[in-house]
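Structure first, then comments.
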Amino acid sequence: MRDISDYLSALNPRQKTAVTAEDGPLLVTAGAGSGKTAVLINRIAWLIAERKVPANRIIAVTFTNKAARELKVRVQDLLFEITDGPVEPIVGTFHGLCNQFLRIRYEEAGLSQHFSIMDQDDQKSFIASLIKDNRIDLLNILTPKSLQSYINKSKEARRRAGQGDTYYPHQRQQEQVYELYEVECEKQSRIDFAELMLRTVELMERNTQVRQHIQERFLHVLIDEFQDTNELQFRWMELFCGKHRNITAVGDEDQSIYSWRGALAWNLKRFEAVYPDTRIIRLEQNYRSTRPILDAANALIEFNSNRYEKKLWTGKSGGSPIKLFNAADADREASFVVDQINQIASLGRDWSDFAVLYRTNAQSRNFEEGLSHKGIPFRVYGGVRFYHRREVKDVLSYLQLVANPNANDALLRAAGMPPCGIGSVTKRRVATRAEVQEFSFWEAAVELAEESGGTGVSGLRNLVGRVNELKDKSTEYSLGKLIKAAIDISGIGEHLKNHSDPSERSRIENLDELINAGYAFQQLQESQLGSEILGEYLDTVVLDPGDTHDDVSQGHVQVMTLHAAKGLEFPVVFLTGLDENVLPHFFSTNRVNEFDDSNDAGIEEERRLCYVGMTRAEEVLYLTRASNRMVRGKYTRYTRSRFLAEIPRHLLENVGFDSVPEPIRPQPEAPFSRWLGVSVRHQKFGPGIVIAIDNQGAESFLTVEFEKYGAKTVLSNFVSIDEV
DNA sequence: AAAGGATGAATTTTT
DNA sequence: TTCATCCTTT
């Protein structure tokens, strides 16, 4: 049996300090590529193996299911040789963990046992039908989408209906819809993503017994990607670690790119404020990128304010400068990228070594066309997820109805697919009946089906019969078999098979895939019957609808947005669209509507996005741009991104203009001004204090009074802020 | 209920 | 330009 210290020896000193930190609040600010996942994994393993903390009394939280799976597997792998017993730390996403919690404590949380979870799409149509059914005349600045965001934002701020501002008419209407929404969710036993968190937090706050039990149980709480936590999640953390206060938060404010979804990078600072005895460890050694890439990324992010001063460094030497290409238009930008990929690949690289990154999905088309034109295999991340496909949702609506008959939208969906004579008139009858009798659409449909009537009523009779048949089967069938039954009994399979449109017919393949997924899911759980496993399956489908980008993408060039690229790394990266109003995006520089905040904060998030993109690159980084882009059918001129001017020029190599280059913009602001008087550390000269700053173009020279060498003027790239 | 036409909107999307 | 959604028509 090996000793845990063998593994620890693979860590650098700071990582080791973080891994073996004693009890109490611990904050790890981990720069891109600095091995934060390794720290998390090793810390959990160390707690279990060295500190003998029972694995099931450790809870680790991530934002994605993928990250949760990876964390769990790697901890288990690491401990496999060290411990004998099974190792099961509790690892999951915030929402997944809250769901598990609420499934057990649904009663105390005031939920129906059969509550079903709505994803974003479900929620949006739920709100839309709410507005329609209640005949609400929406003010013209409000839409179902804006109301959805209002409701979610309110919940994230822990505001219930009736607690928001009502000064303006539109605010009153927002509150009105929010109130209706809560009532309707209650009636239909529906719950949305934010509600999973809010209910959990509210229950913990309200119920002392539950709180104490949880706080007692979890000896250690660990949270990954802390810069992405929102208000609710911060509160969740406080509640979960309230007793033992053994909380490890890992994050990087420079990679906070989800503030528009309520993430508060500021939570890192707040953590320190809430836990004054916090131990802070900074991981600054980067193991991913070559030096020019790091230097450029560092210089760029330096323009942001309110950061922890930290500077990534690498022990690696060498590395080629960043290649900059100015294209005349987006087509040429794409063909340049494709040509470069072809050339570099011919020197012996796999297609999957390349990534093409962009700010908006609309930019992908040129690259897709260029790549397929040259016959290069590629995969575009994003797009419609399997479980969001129309035919899949249609089939699942029948199962949803079995699991939660109160789900009105599931009934309406099932009623429309396959077409069975139930049109808008019949649907309205169902809705009216449900309203009058104060029960669900399902019950209304059952009642109406027993009366006599025309095609609509016989359609309802059909539908009710089918769902009841499925309900019977659900008690005896396995999940895969049940899904197959849903496809057959509903008639969706038959309907698609006979469709005149071949693209509709091809949807059958997805349904076959759905059946397979059902069998696979059943395998994963212990053998349970359909009725028991169905609920779990429907939860999983919503909370973990699978990657749009499977790991089978080997042998393909990776094409994706900057957001999708976070957490990934590639040997060769093309960061495209470095144009003003593309990156930074137009919305961050111009106020377009009341919902976006165009200000420094907006630009700074764009800068972080750019930073995230650059730090994805291991060896080669290209920055490309185009002077003309087709937008809404019109050619629009673009100027170079301000971010290009923020990267020291000696790190950039122009590999081509195929248009007249625009003059470089003047330096926006003296970059290192905040460094004056700050104590810093130079790679060669050691510690010192900055006494003067000289900005020359994109480069900055710092005059530093060194402890050991006196005053010297050095390039800012070689200086980092001293650790406090 | 389905198909065709008009209309309007167009960042990013871990759960 | 392109795509999705709504509305009209049959």
Side-chain angles (χ1 to χ4, degrees), chain A residues 61-68 92-99 117-125 128 132 143-145 148-149 152 156 191-197 224-225 227-230 232-233 255-263 330 357-363 365 381-383 385 388 415-427 455-456 459 499-501 539-548 560-567 577 581-590 592-593 595-596 598 602 605-606 608-609 612-613 629-636:
Chain A
V61 198
T62 61
F63 272 86
T64 66
N65 292 287
K66 195 176 158 201
T93 63
F94 274 110
H95 295 87
L97 292 168
C98 286
N99 184 43
I117 308 168
M118 290 185 279
D119 66 23
Q120 263 183 327
D121 293 346
D122 299 336
Q123 189 191 26
K124 199 173 119 196
S125 34
K132 216 170 147 195
T143 61
K145 208 175 147 194
Q148 178 183 26
S149 124
N152 290 334
E156 272 162 24
I191 184 169
D192 58 56
F193 287 137
E195 187 73 26
L196 287 167
M197 294 268 358
D224 193 14
E225 305 280 19
Q227 76 283 351
D228 289 342
T229 52
N230 63 27
L232 263 176
Q233 289 155 346
Q255 293 185 72
S256 162
I257 55 175
Y258 284 102
S259 72
W260 49 278
R261 283 178 112 255
L357 311 181
Y358 40 75
R359 175 68 237 262
T360 64
N361 288 117
Q363 288 165 258
R365 229 196 66 211
Y381 285 35
R385 288 169 192 252
H388 289 235
M417 197 62 196
C420 58
I422 303 174
S424 53
V425 178
T426 313
K427 283 179 184 168
T455 46
H499 209 100
S500 56
D501 184 345
D539 281 357
T540 306
V541 158
V542 177
L543 290 173
D544 185 9
D547 273 332
T548 49
M560 70 190 89
T561 64
L562 286 165
H563 284 89
K566 196 179 118 185
N581 292 335
V582 176
L583 181 64
H585 192 270
F586 178 70
F587 283 178
S588 69
T589 55
N590 299 271
V592 184
N593 59 46
F595 297 111
D596 57 63
S598 56
E605 179 140 322
E606 298 292 312
R608 289 193 290 271
L609 217 33
V612 164
R629 292 176 186 279
M630 184 80 95
V631 178
R632 293 194 221 170
K634 269 195 192 138
Y635 266 109
T636 315

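Note that the structure is predicted; figures quoted are calculated from it, not measured. Each chain gets a letter, A, B and so on, in the order its sequence line appears, and its residues count up from 1.
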Given atom [atom1] of [X] and atom [atom2] of [N], what is their separation to the nearest angstrom?
{"X": "A/Gln148", "N": "B/dT15", "atom1": "CD", "atom2": "C1'", "result": "13 Å"}
{"X": "A/Glu156", "N": "B/dT14", "atom1": "CD", "atom2": "P", "result": "15 Å"}
{"X": "A/His95", "N": "B/dT15", "atom1": "NE2", "atom2": "C1'", "result": "5 Å"}
{"X": "A/Met197", "N": "B/dT15", "atom1": "CE", "atom2": "P", "result": "14 Å"}
{"X": "A/Ile257", "N": "B/dT15", "atom1": "CD1", "atom2": "P", "result": "14 Å"}
{"X": "A/Trp260", "N": "B/dT14", "atom1": "CH2", "atom2": "P", "result": "8 Å"}
{"X": "A/Leu357", "N": "B/dT11", "atom1": "CG", "atom2": "C1'", "result": "16 Å"}
{"X": "A/Leu609", "N": "B/dT11", "atom1": "CG", "atom2": "P", "result": "14 Å"}

Residue pair A/Gln120 / A/Asn152, side-chain donor-acceptor N/O under 3.5 Å: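 Distance-only check fails for A/Gln120 and A/Asn152.
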
Aromatic plane relationship, A/Phe587 with A/His585 - under 30° parallel, 30 to 60° tilted, over 60° perpendicular: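 Plane angle over 60°, so perpendicular.
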
Under-3.5 Å donor-acceptor pair between A/Arg261 side chain and B/dT14 base: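 In this structure, the two groups form no donor-acceptor pair.
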
Any A/Asn65 side-chain nitrogen or oxygen under 4.0 Å from OP1 or OP2 of B/dT14: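 So the side-chain polar atoms of A/Asn65 never come under 4.0 Å of the phosphate oxygens OP1 or OP2 of B/dT14.
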
OP1 or OP2 of B/dT11 under 4.0 Å from side-chain N/O of A/Asn361: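 So the side chain of A/Asn361 is outside the cut-off, no N or O lying under 4.0 Å from OP1 or OP2 of B/dT11.
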
Separation of the C1' atoms in B/dT11 and C/dC6, to the nearest angstrom: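 Their C1' atoms lie roughly 24 Å apart.
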
C1' spacing across the pair B/dT14 / C/dC3, given as an integer number of angstrom: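 Straight-line distance between the two C1' atoms is 26 Å.
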
For chain A, the stretch of DNA chain C it reaches, first to last nucleotide, under 4.0 Å of its heavy atoms: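 So the outermost contacting nucleotides come out as C/dT1 to C/dT2.
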
With sequence neighbours excluded, residues passing side-chain contact (heavy atoms from CB on, under 4.5 Å) with A/Arg365: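 side-chain contact (heavy atoms from CB on, under 4.5 Å) list for A/Arg365, sorted by chain: A/Glu369.
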
Sugar-phosphate, base or nothing in reach of A/Asp228, heavy atoms under 4.0 Å: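 Answer is base: heavy atoms of A/Asp228 come under 4.0 Å of a base.
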
Sugar-phosphate, base or nothing in reach of A/Ile422, heavy atoms under 4.0 Å: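 Counting heavy atoms under 4.0 Å across all strands, the contact made by A/Ile422 is with sugar-phosphate only.
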
